[in-house]
Every structure is written in C-alpha cells, then in structure tokens.
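The structure appears below as structure tokens.
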Amino acid sequence: RTGKNAVRLIADAELLKAHERHASAYALAILAFEEVGLLFLAFWGEDDEIKAATRGASRHVRKQVAAASLLTAEFFRDELRRELGEQSLS
C-alpha cells in the first residue's frame, strides 16, 4: 500500500506541476519521498543505528533519512561503476 501511495502522490505532483501549481506539487513530492522512506523503514526495520542517528527527530525526518540513504547509496554505486569501468559491484 505504501508503494502505491508513493506512485499516486508522484502522479498527482506531476499533474499539479503541469498546471503550474509548483508549491503544491513540491509538497506532494515530499510526501511521496516520505512514503518511499516508510517503505524502506518497514523493510529494513528501525535498528539501533537508525534510531541513534535520528535521535530526537520526528518520524518525518526518519522517513526522509531512509529515502535519502537509498538515493545516496545509488549515487555512489553509479559513480564507482563509472570509475571502475562498469565492473559489477556485487
């Protein structure tokens, strides 16, 4: 359900952007980002490291940190692949 919510929110954000409702589109995009974070927190679980890194933060921030971690890991994987000549990093 969380994944479907994220997809729906992104679709709604794109619709709003197409109608030049940029502030509302941005707000929905942030909500979609948090939904992705929620999905990964549910998948990974909130272990002690995540709790310690986000101590005192709201649930919104923890969801954003989870989603940002995924994007950061993907970015660095792609950069390493470029540096290593497209070799697998498995």
Side-chain angles (χ1 to χ4, degrees):
R1 176 180 164 134
T2 298
K4 288 182 182 180
N5 284 343
V7 169
R8 179 185 51 77
L9 289 165
I10 288 295
D12 290 350
E14 288 174 345
L15 184 64
L16 287 165
K17 181 182 174 208
H19 287 87
E20 298 186 12
R21 303 295 303 250
H22 300 289
S24 296
Y26 182 77
L28 285 185
I30 294 296
L31 288 174
F33 189 72
E34 287 186 7
E35 286 293 303
V36 171
L38 180 61
L39 183 67
F40 282 97
L41 286 176
F43 180 73
W44 293 332
E46 288 191 72
D47 65 15
D48 291 338
E49 267 186 55
I50 291 173
K51 288 179 182 174
T54 58
R55 180 166 291 132
S58 71
R59 181 91 170 132
H60 292 287
V61 170
R62 289 197 302 275
K63 292 186 286 186
Q64 292 168 7
V65 167
S69 296
L70 179 69
L71 292 174
T72 302
E74 184 179 32
F75 170 79
F76 282 112
R77 181 205 60 207
D78 292 346
E79 287 297 309
L80 283 172
R81 281 188 175 152
R82 268 191 283 283
E83 289 293 319
L84 298 175
E86 298 297 321
Q87 296 175 11
S88 174
L89 295 176
S90 311

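From a predicted model like this one, the values you see are computed outputs, not experimental measurements.
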- Query: Got E35 and V7 here, is their nearest side-chain heavy-atom distance under 4.5 Å?
  - Reply: no
- Message: On a heavy-atom basis, which atom in L9 and which in L28 lie closest, and how many Å separate them?
- Response: CD2-CD2, 3.7 Å
- Between CG of D12 and NZ of K17, what distance do you get to the nearest 0.5 Å? 15.0 Å
- Does atom CD of E20 have more than 12 heavy-atom neighbours from other groups under 6.0 Å away? no
- Between D78 and R82, is there a salt bridge with N-O shorter than 4.0 Å? no
- Query: Taking everything shown except H60 itself, do over 12 heavy atoms lie less than 6.0 Å from its NE2?
  - Reply: no
- Task: Over all heavy atoms of both residues, which pair between Q64 and I30 is shortest? Give the atoms and the distance, please.
- Result: NE2-CG2, 4.2 Å
- For atom CZ of R8, decide whether the heavy atoms of other residues, nucleotides or ligands shown that lie under 6.0 angstrom number more than 12. yes
- Can you name the closest pair of heavy atoms from A29 and A13 and give their distance? N-CB, 4.1 Å
- Heavy-atom nearest pair, A32 first then A6, reads CB-O, 3.8 Å
- Separation between OG of S24 and CG of L15, rounded to the nearest 0.5 Å: 11.0 Å
- Message: Distance check, rounded to the nearest 0.5 Å: L31 atom CG versus Y26 atom OH?
- Response: 11.0 Å
- Message: Quick test of your reading: applying salt bridge (charged side-chain N to carboxylate O under 4.0 Å, His left out), list the pairs with at least one residue in residues 63-73, sequence neighbours left out, ordered by first then second residue.
- Response: E34-K63
- Task: Run through the side-chain heavy atoms of Ile, Leu, Val, Met, Phe, Trp and Tyr, join any pair under 4.5 Å, and report what else lands in F33's cluster.
- Result: L71
